[in-house]
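Every number for a ligand or one of its atoms is a count from 1 in the order of the listing. For the single chain, residues carry numbers from 1 onward in sequence order.
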Amino acid sequence: MSATMAFAELHSLVAKLESDIAAGPIVPAVAPHEIRRHLAARYDFTRPLDLDEVGADVEAMLRTWQVHVTHPRYFGLFNPSVTLASVVADTLVALFNPQLATWRTSPAANEIERHTLAWLMGKFGFPSTALASFTSGGAEANLSAVIVALTRAFPEYGEDGLRALAATPTVYLSGEAHHSFSKIAHVTGLGRRAIRTVTTDRHLRMDVGDLARRVAEDRRAGCAPFMVVGTAGTTAAGVIDPLPELAQFCRSEGLWFHVDAAWGGAAIISPRLRGHLAGIEAADSITCDAHKWFSVPMGAGMFFCRHPDAVGRAFRVETSYMPGKTPGPTHDPYTTSIQWSRRFIGLKLFLALAEHGEAGYVEMIEHQTRMGDVLRLALQRAGWRIVNSSPLPLVCFTREGLDTAGFLAALYQRQIAWMSDVRLAGGDPVLRACVTSYRTTESDIEWVVREMTRLA
Ligand SMILES: Cc1ncc(COP(=O)(O)O)c(C=O)c1O
């Protein structure tokens with residue numbers, strides 16, 4: 001069978017699966033022992049099994065025993081419905097298994113990634129000299145940012161480690177920033193206490209006055225502030241920090257300005273939304289995930305950095321067993337990023353963009369934003385109280401006396417929708433619903449709000 005025929009089959013399989021999932025349950029009710037018993041009874045690996053049978057069994061397990069993040073009524077933690085082109089792309093990648101560690105091993109794949117990243121880099125307003133790479137996700141992109149920022153601020157960090165520094169380096173972010181930075185502080189050796197949590201205003205945006213006070217205090221105490229992280233679309237509430245003010249502060253204080261736009265970054269391509277990301281063009285580095293609002297399968301993050309020299313210094317390595325550097329305007333990703341063996345992550349974004357075109361993607365993003373507005377309005381009309389403020393399709397809400405945990409359990413049990421709870425600024429739990437599927441419709445939302453209101 002030719003690859004083209006196989007893809008035609010894949011198309012119909014995906015279409016069938018999408019409609020099955022949309023018509024089926026969203027949340028499984030299963031205990032670990034049920035799955036373990038099923039696996040133990042069938043798979044002791046002592047004899048070969050028929051691939052069709054195993055495939056069918058695994059498909060049944062996945063259909064039955066997972067939260068269906070591609071369901072139109074999944075309002076979750078940024079996991080999207082995936083475009084058909086991106087599924088085809090992942091299949092192609094598995095078939096060819098290109099190794100992108102060096103340019104010369106996979107020239108086509110490396111250039112496709114470079115081309116795709118250059119498109120988005122231009123949207124962010126970065127110069128063409130900036131460097132970008134695909135990552136496993138936002139956490140790796142944020143880790144890359146901290147490593148590169150440390151390397152640029154403290155040249156001795158690379159060879160002698162943090163213990164060689166005269167002063168303790170400190171990083172500034174708000175309490176609403178992503179918690180990957182706690183792990184990053186841990187793994188880089190900065191230590192979790194090097195993270196300074198800046199106060200937020202009543203809209204949960206970082207308070208630049210408090211940031212300035214903390215940086216000044218730390219300097220007086222002999223610390224070495226080196227980095228500020230602004231978030232463009234916080235995980236809990238979709239809030240965008242005041243990026244222009246943060247950029248200006250960082251410029252005047254000589255601090256690295258990183259923007260974590262893991263989810264919200266995709267808004268840069270929308271004429272309606274991009275104004276909310278103003279200031280991002282002044283960042284030193286940006287995190288943006290393709291596997292969130294660009295609707296491709298995991299894992300596909302992206303790291304953009306304005307300072308290619310600093311990236312090169314942070315990830316430099318020389319070894320005789322890798323092919324030598326290709327002469328000319330190329331780089332070998334294993335010398336400019338954390339990963340060594342490198343999967344062809346970028347094809348899913350490239351293929352989906354090529355299929356839908358930029359206009360198609362803008363429509364997907366703006367549709368979800370409209371659905372966020374519909375959700376907000378429908379909730380308010382039904383007497384719910386909206387407790388966050390975001391231009392993006394993420395709504396946090398509650399109502400008087402709501403037992404949030406009990407309510408969510410009932411919501412799942414009745415298969416009405418998947419959403420989560422969250423505490424904003426340490427307050428009481430509230431409900432959090434993010435429109436993450438480009439297939440969510442107005443009638444999905446109206447039905448969910450009606451059912452939720454009946455349940456509350
Ligand atoms: C703002 C933000 N940054 C970083 C991350 C981590 O991204 P990933 O899960 O792709 O590693 C997330 C995940 O939701 C996020 O919301």
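- One finds no salt bridge joining Arg196 and Asp210 here, because no Lys/Arg side-chain nitrogen approaches an Asp/Glu carboxylate oxygen to under 4.0 Å.
- Here Glu245 does not pair with Arg205 in a salt bridge; the nearest charged N to carboxylate O distance is not below 4.0 Å.
- For ligand 1, the polar-atom distance check against Thr234 finds no nitrogen or oxygen pair separated by under 3.5 Å.
- At under 3.5 Å, a nitrogen or oxygen of Thr235, whether backbone or side chain, sits near a nitrogen or oxygen of ligand 1.
- Under the 30°/60° scheme for interplanar angles, the aromatic rings of Trp418 and Tyr74 are found to lie parallel.
- Listed by number with element, the atoms of ligand 1 under 4.0 angstrom from any heavy atom of Ala262 are 2 (C), 3 (N), 4 (C), 15 (C).
- For atom 7 (O) of ligand 1, the nearest non-hydrogen atom from the set Glu176, Lys292, Glu140 comes from Lys292.
- In this structure a side-chain-to-backbone donor-acceptor pair under 3.5 Å is present from Arg73 to Gln415.
- For the ring-ring contact (aromatic ring centres under 6.0 Å, His included) condition, the pairs that include at least one residue of residues 233-257, sequence neighbours left out, are Trp256-His307.
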Could you walk me through whether Tyr361 and Trp119 pass the ring pair (Phe, Tyr, Trp, His ring centres under 6.0 Å) check? CA-CA 13 Å; Tyr361 252 104; Trp119 168 79; 7.5 Å; no
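- Set against the non-hydrogen atoms of Phe78, the atoms of ligand 1 under 4.0 Å away are 14 (O), 16 (O).
- Every atom of ligand 1 is numbered from 1 in the order shown, and the set under 4.0 Å from a heavy atom of His291 is 10 (O).
- Within the 4.0 Å heavy-atom cutoff, Trp263 does not count among the residues contacting ligand 1.
- Annotation: atom 3 (N) of ligand 1 to nearest protein heavy atom, Asp260 OD2, 2.7 Å.
- Under a 4.0 angstrom heavy-atom cut-off, Met298 registers as lying outside contact with ligand 1.
- By the criterion of a heavy-atom distance under 4.0 Å, neither the backbone nor the side chain of Thr287 is placed next to ligand 1.
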How far apart are the C-alpha atoms of Arg272 and Asp373, what are their side-chain angles, what is the distance that settles it, and do they pass the salt bridge (charged side-chain N to carboxylate O under 4.0 Å, His left out) test? CA-CA 13 Å; Arg272 178 185 157 189; Asp373 297 341; 2.9 Å; yes
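- Judged purely by atom type and a 3.5 angstrom limit, Arg274 has no side-chain atom pairing as donor or acceptor with the backbone of Lys123.
- Considering both main-chain and side-chain atoms, Gly233 never comes within under 3.5 Å of ligand 1 through any nitrogen or oxygen pair.
- Listed by number with element, the atoms of ligand 1 under 4.0 angstrom from any heavy atom of Asp289 are 7 (O), 8 (P), 10 (O).
- Residue contacts with ligand 1 for Ala139 involve both N, CA, C or O and side-chain atoms from C-beta outward (heavy atoms, distance under 4.0 Å).
- Taking the side chain as every heavy atom from C-beta outward, Cys288 and Phe294 approach each other to under 4.5 Å.
- Of the protein's non-hydrogen atoms, His178 CD2, 3.3 Å is the one closest to atom 15 (C) of ligand 1.
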